[in-house]
Protein chains: 2
Amino acid sequence: MSDRAGLDFPRPLTTVDVVIFAIKSDALQVLLVQRPDTESEPFPGAWALPGGFVDIAGDRDLEACAVRKLKDKTGVVSPYLEQLGSWGSAARDPRGWSATHAYFALLGEHAAGGALAADAQWFTIGGEKVKPKLAFDHAEILQAAIQRLRAKVEYTSLPAYLMPPEFTLPELQRSFEIVLGRPLEKSAFRTRMLTADLIEPIAKMRKGPNRPAQLYRLKKAKAPVFFARTFNPPE
Amino acid sequence: MSDRAGLDFPRPLTTVDVVIFAIKSDALQVLLVQRPDTESEPFPGAWALPGGFVDIAGDRDLEACAVRKLKDKTGVVSPYLEQLGSWGSAARDPRGWSATHAYFALLGEHAAGGALAADAQWFTIGGEKVKPKLAFDHAEILQAAIQRLRAKVEYTSLPAYLMPPEFTLPELQRSFEIVLGRPLEKSAFRTRMLTADLIEPIAKMRKGPNRPAQLYRLKKAKAPVFFARTFNPPE
DNA sequence: CATGCTTAGTTGTACAGTCCAACTAACTTA
DNA sequence: TAAGTTAGTTGGACTGTACAACTAAGCATG
């Protein structure tokens, strides 16, 4: 049945979905969109990850489709976009066998504060899920994205993409802690960040109610940094 | 154009491809299949990764499709199968917009020594490629798989899946070195393997021309072990 | 003004695990 | 027996994480 000489066989429905993360209100949040509330649609009115069908006439490749769908809902281009994985089966969509190519994106604080499409909204992540029940297998995809992000935060600089353009080291540490859901040891964190080729100080301090803090910014065109060792796991 | 109310729009061709690794002749090898030598097929007679179209009537999900295609060519089920990623674009296949969901598999020495389908053959990997020019974008997929495998070998126990049922520690170390393409430090390697919950000694020694070596086997139903730290990078 | 509190930044020490050199153990060959 | 080889072990140096304790720099209060 596979590798048919002709191409006249049924093909899976093919979509791209994007898990878009940001830190808002001191919490990790994800962008969801509300599906149309019409009876002819699967999961009417339910919340889902942004995404939809691949347009083979307009999308050059999968990543271009992901970039398009992200921009449709947020109006911006993400500083970090990574392919998460794909899900495909007979069971995911009542309309028939379907597959999705999932990506996850990290939005900086300023980008995440902008206007959204009318059907889009930020939701706070609790554990490995959100409050609303999600359409399709999107809860599973969201969980996979959260697990992937958290695993990579243990040994990379990924949360730097969630920061505003200028930030202090304690603020950066806080972003790691929010994603991971646990405190990190300050001196090890500082050593890690200051010895990596990642950030540079700017000639400005953050004034607050206590001691002023040095402001930093990401170095130009910065790819994520990989560290040789993870933070120690929580007990 | 996306999220169309109806489903009467063109869909991408959808395939699953599997990068199957094994160690044979003291080298990392990958299984390739030769495409049909007919003019009506794209890349006639060229070597390609095992795979092909998703059969939406017979394949429950993407992974089932991958397992089927691996078994078609090798006759066995792999002890380790991991999703690698997906590639989809207008440019990969002259027949039209297509997407593939790629997996990589690790075959133990015994499984890799068995009979193959008539069109399949093992090829030695040099650097991040093989000698033959591959069909479609399979050279790119193979490169991604090799990079993924090597990156994960720095901090996991993955090469254990490439071993025969019984092995010595120096043999296990050799498998890591073959995949990584560089020597590893013996005492650190032994500490790593013996303190992980991965292998157990059996009541048998390997007799050879020098000192006898203790034989080990993988502990039952063993998921890969993750280590907190990578081996030090080569200079 | 002094004191206490808070957060920013720093420092010395302990620890786990990687690397290296050197060693002992167990075999084979000349 | 000596030399060579591989298997297995050990002490010390190194890296970077965690911890406790400290100094620095502000603010509020009495």
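Lettering of chains follows the sequences in order, A, B, ..., and the numbering in each one begins at 1.
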TODO: Can you check whether any acceptor in the base of C/dG9 is under 3.5 Å from a donor in the side chain of A/Lys186, or vice versa?
DONE: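 Under the 3.5 Å cut-off, the side chain and the base do form a donor-acceptor pair.
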
Classify the nucleic acid contact of [X] as base, sugar-phosphate or nothing, counting any heavy atom under 4.0 Å across all strands shown.
X        : answer
B/Phe231 : sugar-phosphate
A/Ser187 : base
A/Thr230 : sugar-phosphate

Could you tell me how far apart [X] ([atom1]) and [N] ([atom2]) are, to the nearest whole angstrom?
X        : N      : atom1 : atom2 : answer
A/Gln214 : C/dG9  : CD    : P     : 7 Å
B/Met193 : C/dA16 : CE    : C1'   : 16 Å
B/Arg190 : D/dA7  : CZ    : P     : 9 Å
B/Leu194 : D/dA7  : CG    : P     : 14 Å
A/Phe189 : C/dT10 : CZ    : C1'   : 16 Å
B/Met205 : C/dA26 : CE    : P     : 9 Å
A/Leu215 : C/dA8  : CG    : P     : 12 Å
A/Glu185 : C/dT10 : CD    : P     : 14 Å

Looking at [N], I'd like to know if its phosphate oxygens (OP1 or OP2) sit under 4.0 Å from a side-chain N or O belonging to [X].
X        : N      : value
B/Arg211 : D/dG8  : no
A/Arg229 : D/dT15 : no
A/Arg192 : D/dT17 : yes

Open item on the list: Side chains of B/Leu172 and B/Ser175, heavy atoms from C-beta outward: is any pair under 4.5 Å?
Closed with: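 Yes, their side chains come closer than 4.5 Å.
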
Task: Among C/dT7, C/dT10, C/dC19, the one nearest A/Asn210 by side-chain distance - done: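 The nucleotide sitting nearest to the side chain is C/dT7.
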
Open item on the list: The side chain of B/Ala213 is closest to which nucleotide in this list: D/dA20, D/dA7, C/dC20?
Closed with: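 The answer is D/dA7.
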
Task: Between A/Gln34 and A/Gln121, a side-chain donor and acceptor under 3.5 Å - done: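 Looking only at side-chain atoms, A/Gln121 and A/Gln34 do not form any donor-acceptor pair under 3.5 Å.
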
Open item on the list: Taking the basic N atoms (NZ, or NE/NH1/NH2) and the acidic carboxylate oxygens, is any pair closer than 4.0 Å for B/Glu177 and B/Lys186?
Closed with: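 A salt bridge is absent here (no side-chain N lies under 4.0 Å from a carboxylate O).
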
Task: Nearest-nucleotide comparison on DNA chain C, the residue closer to the 5′ end among B/Asn232 and B/Pro212 - done: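 Closer to the 5' end of DNA chain C: B/Asn232.
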
Task: 5′-ward residue of the pair B/Gly208/B/Phe227 relative to DNA chain C - done: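 Between the two, 5'-proximity favours B/Phe227.
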
- [ ] Please say whether the positively charged group of B/Arg148, taken as NZ for Lys or CZ for Arg, lies over the ring of B/Phe104, i.e. under 6.0 angstrom from the six-membered ring centre and within 45 degrees of the axis.
- [x]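 That pair does not qualify as a cation-pi contact.
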
Open item on the list: Measuring centre to centre across the rings, with the benzene-like ring taken for any Trp, is A/Phe136 within less than 6.0 Å of A/Trp87?
Closed with: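 Here the rings of A/Trp87 and A/Phe136 have centres that are no less than 6.0 Å from each other.
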
